[in-house]
Amino acid sequence: MTPESRAEKLQKIAPELLEELKEKKEPEKGLPPLEINDQLVMRFAPNPNGPPTLGSARGIVVNSEYTRKYNGKLIIRFDDTDPATKRPMLEAYKWYLEDCEWLGAKPDEVVIASDRLQRYYEVAEELIRRGGAYVCFCEQEVFKTLKDAKKPCPHREQEPEKNLENWKKMLRCEYQEQEAVLRIKTDIAHKDPAIRDWVSFRIIRTHHPRQEVGDKYCVWPLLDFESAVEDHLLGTTLIIRGKDLIDSERRQRYVYEYMGWTYPKTMHWGRVQIYEFGKLSTSGIKKAIAEGKYIGWDDPRLPTLRAMRRRGIRPEALRKFMIDLGLGETDISLSLDTLYAENRKIIDPIANRYFFVWNPVELEVEGAQPKIAKAPLHPSRGGVREIPAGTTVLVCRNDVDTLKAGEKLRLKDLYNIRITSIAPLKAEFIGTDMDLVKKEKARIIHWVPLEGLKVKVLSPDGEYTGIGERGMEKELDKVVQFERFGFVRIDSVSGDEVVAYFTHK
RNA sequence: GCUCCGAUAGUGUAGCACGGCCAAUCAUGCGAGACUCUCACUCUCGUGACUGGGGUUCAAAUCCCCAUCGGAGCACCA
């Protein structure tokens, strides 16, 4: 039965259902809709141990998209409770806020976990009182062996009073690192070993990098605990996070149960791998920067948001890209082509065009008169750029490599030539008629006068140096297109030297 | 070893909660062509997927079971 005849038939027997038939036809675009009862409160919770990356962007964008759409509250919470292994980076706090704002995701509230240790201690104490936590002195391997055998350790049945006493000692820094931890009592025989009595606090003697905190504390919560408590304190109603934290939720629910709290709704997404960047870790990048392999956190070869911004990626493009990824739990490995396509749609209509000749080679044109070429600033928006051409111009080595003596070609927006010699490269002027291109299908190549700007383009796959036409120095901080090369953002101009960051083709 | 997730074209995604509008959506990529004084943009056409096997049913991408593959957790990392 065709949809039409079906609808017709339905019209006869049950016209009231026809509406429903139509509704299902239109799928929801963008993120899946949410069922919201109360106010929506969401948080984005990074560890500021490095600058935000494309991976962070997904969290930032999706959270902000939902809170924007449902008029909710967006919180950024810095989970900086590990001063040692994943030591926070002082500048990163600021960078996160900057990049969130750049992405159009300015948070309504900023929370720093390392400022709120007292609150976590209070909950811990209450948990101990209620018999939901105990101070454990087992060595790691000893506990692991017991745990794997589903056996409780001797400290598990300690009286709350005694636990409280030991906990106070922990807080007074009377123990060394590794000597004592606070464990949450779950089910030591739980079928999933990942759930059994987990550690909520441990002793760390390393100073926290934040001046406000410094060496004030030696007892630090682990993520599972800190996050569990904060999500409650902040009134979070929906958490979206990676599916690597699914087990974490099962652990945290024990805390919620002891405290009589309600666990927020949760959604998870899979792992994201970006084809172009492979396996770069924050610590690895940090090291490589220190060694001078990258020029900084905004090196165009890096997947940081600072690098994307410097390259001229627009936040709207990044937002759309992230939203289109959806909320799947599948692990995905993606290529940035789609992001680039999205970005191109935004910048192509506004980017002015210029000539940039990389690996320049001199080309002498016999019989040519010096002339000022007039080329459009943009193919459809109007505006003209004037490029003075002498009798010798520069062209790309790549083009020269494919030329043959005798070949006729057009220097774009200038005139036609015939190659008379390859080495040294020489040609003769043969007119200005466009018929050469239209009828004889001659190639068009771009060129640049001898007196150009020194241009360096930093791109994900290396550096290009060459000569660019004058005029682009006025486009500082703008994205322009180097014809037959790609889009770039003019990053700096000093005298006759221009540095540009490659955006994409 | 134990436990938990997931599987739709090259890539990403829609459809799956409620089986029939699905010979499966959209984007990107790729191919061909048109346009163009750029290899860009735009337009047109094309390309290509329900992991496998069973089951339930009049009907399965959708429900159930098994297998396979991929990922994650079992840290005093986040």
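Only this structure's heavy atoms are used, side chains among them; waters, hydrogens and symmetry mates stay out. Naming convention: chains lettered A, B, ... in sequence-line order (proteins, then strands); numbering from 1 in each chain.
- Across all strands, A:S227 comes closer than 4.0 Å to no nucleic acid atom at all (heavy-atom distances).
- Heavy atoms of A:L245 sit under 4.0 angstrom from at least one base atom.
- Contact annotation for A:D413: base contact, defined as any heavy-atom pair under 4.0 Å involving a base atom.
- Remark: A:T338 is not in phosphate contact with B:G29, judged by side-chain N or O atoms under 4.0 Å from OP1 or OP2.
- Within the nucleic acid shown, A:L223 comes within 4.0 Å of at least one base atom, counting heavy atoms only.
- Looking at heavy-atom distances under 4.0 Å, A:R353 makes contact with a base.
- Spacing between B:C26 and B:A14 at atom P, rounded to whole Å, works out to 14 Å.
- Side-chain N/O atoms of A:K505 include none lying less than 4.0 angstrom from OP1 or OP2 on B:C41.
- Taking only side-chain atoms of A:D348, from C-beta outward, the nucleotide of B:C41, B:C4, B:U11 with the closest atom is B:C41.
- The partner of B:C22 cannot be assigned: no Watson-Crick or G-U wobble pair with both contacts below 3.5 Å exists in any strand.
- Listed nucleotides B:G71, B:A78, B:C74 differ in distance to A:R202; the shortest reach to its side chain belongs to B:A78.
- In this structure, B:A61 makes no Watson-Crick or G-U wobble pair, since no nucleotide meets both defining distances under 3.5 angstrom.
- For B:G70, the paired nucleotide is B:C5, the pair qualifying as Watson-Crick or G-U wobble because both relevant distances are below 3.5 Å.
- Within the structure, a side-chain polar atom (N or O) of A:K191 is placed less than 4.0 Å from OP1 or OP2 of B:C4.
- For B:C37, one of the phosphate oxygens OP1 or OP2 lies less than 4.0 angstrom from a side-chain nitrogen or oxygen of A:K438.
- Here A:R271 lies in heavy-atom contact (under 4.0 Å) with sugar-phosphate atoms only.
- Counting only heavy atoms from C-beta on, A:P379 has its side chain closest to B:A40 among B:C77, B:A40, B:A78.
- Position along RNA chain B of the nearest nucleotide to A:I444 versus A:C136 favours A:I444 as the more 5'-ward residue.
- Within the 4.0 angstrom heavy-atom criterion, base atoms lie near A:C138.
- Annotation: B:U13 and B:U8 have their C1' atoms spaced 9 Å apart (nearest Å).
- Looking only at atom types and distance, the side chain of A:N166 has no donor-acceptor partner in the side chain of A:Y134 under 3.5 Å away.
- Straight-line distance between the P atoms of B:C69 and B:U51: roughly 16 Å, to the nearest whole Å.
- When each of B:A27, B:G73, B:U11 is scored by its nearest atom to the side-chain atoms of A:A194, the top-ranked nucleotide is B:G73.
- Taken to the nearest 0.5 Å, the CZ atom of A:F143 stands 4.5 Å off from the CD1 atom of A:I188.
- Among the protein residues, A:T81 comes within range of the sugar-phosphate backbone only, with heavy atoms under 4.0 Å from sugar or phosphate atoms but none that close to a base.
- Note that A:R385 lies in the cation-pi zone of A:F355, set by a 6.0 Å cut-off to the ring centre and a 45° limit from the axis.
- In this structure, B:C37 forms no base pair with any nucleotide, since neither Watson-Crick nor G-U wobble geometry is met with both distances under 3.5 Å.
- Base contact: A:D399 has a heavy atom under 4.0 Å from a base atom.
- Distance check on atom P: B:C50 versus B:C45 gives 25 Å, rounded to whole Å.
- In this structure, the nucleotide among B:C74, B:A75, B:G6 sitting nearest to the side chain of A:T330 is B:G6.
- Pair assignment for B:G29: B:U47, on the basis of Watson-Crick or G-U wobble contacts that are both within less than 3.5 Å.
- Base orientation at B:A17 is syn, since its O4'-C1' glycosidic dihedral falls within 90° of 0.
- Using a 3.5 Å distance cut-off with no hydrogens or angles, the side chains of A:E139 and A:Q178 do not pair a donor with an acceptor.
- Phosphate proximity of B:U28 to A:K345: present, with a side-chain N or O under 4.0 Å from OP1 or OP2.
- A donor and an acceptor atom sit less than 3.5 Å apart, one in the side chain of A:Q481 and one in the base of B:U38.
- Listed pair A:R344 / B:C41 meets the phosphate criterion, a side-chain N or O lying under 4.0 Å from OP1 or OP2.
- Counting only N and O atoms by type, the side chains of A:R77 and A:S227 include a donor and acceptor under 3.5 Å apart.
- Each of A:I246 and A:L414 was matched to the nucleotide of RNA chain B holding its nearest heavy atom; the match closer to the 5' end belongs to A:I246.
- A:D192 comes within contact range of at least one nucleobase, with a heavy-atom separation under 4.0 Å.
- When the C1' atom is compared between B:A34 and B:C41, the two are found 14 Å apart, to the nearest whole Å.
- Counting any heavy atom pair closer than 4.0 Å across all strands shown, A:V437 reaches no nucleic acid atom.
- If you take CD1 of A:I445 and P of B:U36, they are 22 Å apart, rounded to a whole angstrom.
- Surrounding NZ of A:K371 are more than 12 heavy atoms belonging to other residues, nucleotides or ligands, all under 6.0 Å away.
- Between A:D331 and A:K243 there is a salt bridge, since at least one side-chain N of the basic residue sits less than 4.0 Å from a carboxylate O of the acidic one.
- Between the side chain of A:K412 and the base of B:C37 there is no donor-acceptor pair of N/O atoms closer than 3.5 Å.
- Checking A:N49 against A:T282 by side-chain atom types alone, no donor-acceptor pair falls below 3.5 Å.
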